[in-house]
Each structure stands twice: as C-alpha cells, then as structure tokens.
Amino acid sequence: MIVTTKKLFAAAYGKYAIGAYNINNLEQTMGLFRGCIDSQAPFIIQISKGARSYTHKLMLEGLIRAADQVFPEAVFAVHLDHGDEASCIDCINSGFYSSVMIDASSNPFDKNIEITKRVVDAAHARGIVVEAELGMLGGVEEHVQVDEANALLTDPNQAREFVDRTGIDSLAVAIGTSHGAYKFSGTQGLHFDVLAEIQKRLPDFPLVMHGSSSVPQDEVERINAAGGKLLGAKGVDATQFKRAAELGVTKINIDTDGRLVWTRVHREYFRDHPEEFDLRPIGKLFMGEYAKFIAGKNEKLGSAGQLESVKKMLA
Ligand code: G3H
Ligand code: 13P
Ligand code: ZN
C-alpha cells in the first residue's frame, strides 16, 4: 500500500526512523520489498533523477506497482530524491509519487525558499508532501557537487523561518554527513548539538538525514579482496541512528551501502565462478543478500517490527 511519508512520520516521530532506500532496477526492488516484509518494517522507496532516466521513468513505476501486488502487506511511500523544480513538477503530475524532495539547497536562503514554496504549492494542491533541504551536505549529488570544506551545516536559527515560509512537510538537515562512500576523514562525525538545536526550534517536525550509509568495513574489505579498490571509505556509525531518531530524525537515507552489497556480490561471484555467464543465478543471489541487508538496516533504524502498528494507525 502506497502512503505519504507524512503518515509514516506521524507513526515514527521521536521513536524510530524510517529507512529511505534508493532503487534503480528490478533486483533492488525485489530485495527491498522482501527485506522489509521479512523485518516487518514500513519503508520509503526513493527514486533519484538518475534512476528515473536509467531506463525510462515509467519502468520503475511499473516495477513498484507490480511489487505492491506481489507483496500486498507492504506499507511504503514513493519519493523523488533530490529533485529540481522540473522533476518535482513532473513527479507531482504523474499521480504516482506520494512525496517529492526539492533540493534547492545550493541557492541562497531566499532563493531556496522561493523555489521550494512553488513546489510545495503545486504538490499540496495534489495531496503530495514535500521534503526540502537547508544547509549543504558534502559529497556528490546529481546536480550539485560540494567539497567538505564548502559543506554548510544547517543553521538552526534559519530552520524555523524556512519551514514557516515554505510550508514544507519535512526538512533535510546537514549535520555532518555527506553522500557516497567517503564521508569522514580524520575525526569528524555527526553534530548532535546542531540537531538538538534544530529540534528545539522545530519540535515535532520530521527531520531527514541524508548521506547515512555506514560503509561497513567488512563489506569494503571483501570488495577489495575480490579486486575492488575502495581505499579509506568510511560512513556513519549505525548505532547513532536511534539517538538521531530521538532528536526528530524520522527519515534516514541509504543508497551507498546497497551499492556496496551489489559490488561485493558481483565481484565475489565472478571471481569464484569464472565459467559463469547466466545472469539469473547471480541476480537471485543479489536479491537474497539485498533483502538481508535491508532487514539488518531496519533493525538498526528501529523500524523493524513496526508494520502492524503503522497499519493500525492507518486503519
Ligand atoms: O543522493 C544521491 C543518491 O545516492 C542517489 O544517487 O543520483 O546517483 O542515483 P544517484
Ligand atoms: P548515502 O550515499 O550515504 O547512501 O546517502 C544516500 C542519500 O542521501 C540519498 O539521498
Ligand atoms: Zn541525499
């Protein structure tokens, strides 16, 4: 069942975070649904602009509609990740997405508000909810590249004004994470002090943490042992998710860790089966590993085991 992120946030706020997972293809879609059913978790499917154009924007919609039938117990939102104004409007008009993110965070404050507000007006007119970003994460996003030195933490004093003037439904905050596999060099970590200040100014308002992959070191070692070259990769300590959730983080975005599962499975498989050329055995192996990975993440987010209570709340 497709629901808005707003409904999922109402159930989770202050208690646990909902996993928001990026998908690009059939195997990820199947693994994601399987992992969320196995762990009895509500979830958010995220589709980036790059994912929409990887094959055709209608292909992922078709996969998700089919998965909704294959897994009728699933409760999830469908969300555009890091949209610009044009892609947000396209998704709003599609009638399929329950939620969009407008990422105008690379603009000055007033311009970010102006663009975000236009998207909010269009989305709310169709019953669709909106996430926007204030501050700037380091790392690489599709249409924005920010190096660590230029990453800007969210200013708690601007957060309330941003929410009031835009009318958004959730706020993506920059508190020290970045996208990709190389998040922290040296001693950096999450800025819980900044998060606590934001929550003080926005009590009960759902916050979103991007760039939340953990980049597990055992995964990196297996990839490197099978011919990969991921040197110095480092991510967010997953034991901190629950603390973030208590401080108002209700959606936690994870993409890179799923890509690492894909990389490990494929590198090891072809190393160990040099004679193989059938795409299904490895596809099946990946779907199983991806499902396990998703279920494990949901445990760490606290969303595992929450499906029944969310369904009761929706009834
Ligand atoms: O924030 C970016 C997400 O990891 C999506 O990545 O734009 O390469 O699909 P992508
Ligand atoms: P990671 O690169 O840490 O997985 O972050 C994903 C993300 O924020 C998608 O919007
Ligand atoms: Zn992101």
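Just so you know, residue 1 is the first one in the sequence shown, and it goes up from there. Order of appearance sets the numbers: ligands from 1, and atoms from 1 within every ligand.
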### Task
Report the name of the N/O/S atom of H179 located nearest to the Zn ion (ligand 3).
NE2

### Summary
atom 2 (O) of ligand 2: closest protein heavy atom, distance to 0.1 Å, is T256 OG1, 2.6 Å

#### Entry: Polar atom proximity, N22 to ligand 2 (N or O, under 3.5 Å)
no

## Note on the structure
H210 heavy atoms within 4.0 Å reach ligand 2 at atoms 8 (O), 10 (O)

### Query
Does S212 approach ligand 2 within less than 4.0 angstrom via side chain, backbone, both or neither, non-hydrogen atoms only?
backbone

### Query
By atom name, which N, O or S atom belonging to H82 lies closest to the Zn ion (ligand 3)?
NE2

#### Entry: For H179, the ligand 2 atoms whose distance to one of its heavy atoms is below 4.0 Å
2 (O), 5 (O), 6 (C), 7 (C), 8 (O), 10 (O)

### Task
Output all residues satisfying salt bridge (Lys or Arg N to Asp or Glu O under 4.0 Å) with E85, sequence neighbours left out; order by chain, then residue number.
R118

### Message
Out of all atoms in ligand 2, which are within 4.0 Å of some heavy atom of G211? Include the element for each.
### Response
1 (P), 3 (O), 5 (O), 7 (C), 8 (O)

### Query
Just wondering, do L8 and V3 contact through their side chains at under 4.5 Å, heavy atoms?
yes

### Task
Let me know which of K49, H179, E131 forms a side chain to side chain donor-acceptor pair (under 3.5 Å) with H82.
H179

### Task
Within a distance under 4.0 Å of any heavy atom of D255, pick out the atoms of ligand 1 and give their elements.
3 (C), 4 (O), 5 (C), 6 (O)

### Task
Answer whether the closest heavy-atom distance between the side chains of L260 and F293 falls below 4.5 Å.
no

### Summary
Atoms of ligand 2 under 4.0 Å from any heavy atom of I254, numbered from 1 in the order shown, are 4 (O)

### Query
Is any NZ, NE, NH1 or NH2 atom of the basic residue among R243 and E246 found under 4.0 Å from an Asp or Glu carboxylate oxygen of the other?
no

### Summary
ligand 2 to H82, heavy atom cutoff 4.0 Å, flagged ligand atoms 10 (O)

### Message
Ring-plane angle category for F286 and H266, please: parallel below 30°, perpendicular beyond 60°, tilted otherwise.
### Response
tilted

### Task
Would you mind telling me which of L60, N24, D90 makes a side chain to side chain contact (heavy atoms under 4.5 Å, CB included) with R52?
D90

### Query
Can you tell me if K183 has a non-hydrogen atom under 4.0 Å from ligand 2?
yes

### Query
What do you reckon, does N22 have a nitrogen or oxygen under 3.5 Å from a nitrogen or oxygen of ligand 1?
no

### Query
Would you call S48 a ligand 1 contact, heavy-atom distance under 4.0 Å?
yes

### Message
In terms of relative ring orientation, are F33 and F43 parallel, tilted or perpendicular, with 30° and 60° separating the classes?
### Response
perpendicular

### Message
To the closest 0.5 Å, what do you measure between OG1 (T154) and CD (E133)?
### Response
7.0 Å

### Message
Over 60° means perpendicular and under 30° means parallel, so tell me whether Y269 and H273 are parallel, tilted or perpendicular.
### Response
parallel

### Selected option - heavy-atom contact closest to atom 2 (C) of ligand 1, from R52, H82, H210
H82

### Message
What is the name of the N/O/S atom of H210 that is nearest to the Zn ion (ligand 3)?
### Response
ND1

### Query
Tell me, which protein residue and heavy-atom name are nearest atom 9 (C) of ligand 2, and how many Å apart are they?
D81 OD2, 3.2 Å

### Message
To check you understand the geometry: which heavy-atom pair defines the closest contact between I47 and I64, and what is its length?
### Response
CD1-CD1, 3.7 Å

### Task
Show the numbers, then the answer: is there a salt bridge (Lys or Arg N to Asp or Glu O under 4.0 Å) between K117 and D121?
CA-CA 6 Å; K117 174 88 174 75; D121 289 344; 2.8 Å; yes

### Task
Mind checking whether N253 contacts ligand 1 via backbone (N, CA, C, O), side chain (CB onward), both or neither, at a 4.0 Å heavy-atom cut-off?
neither

### Query
Between the candidates R259, K49, H179, which shows the shortest non-hydrogen contact distance to atom 10 (P) of ligand 1?
R259

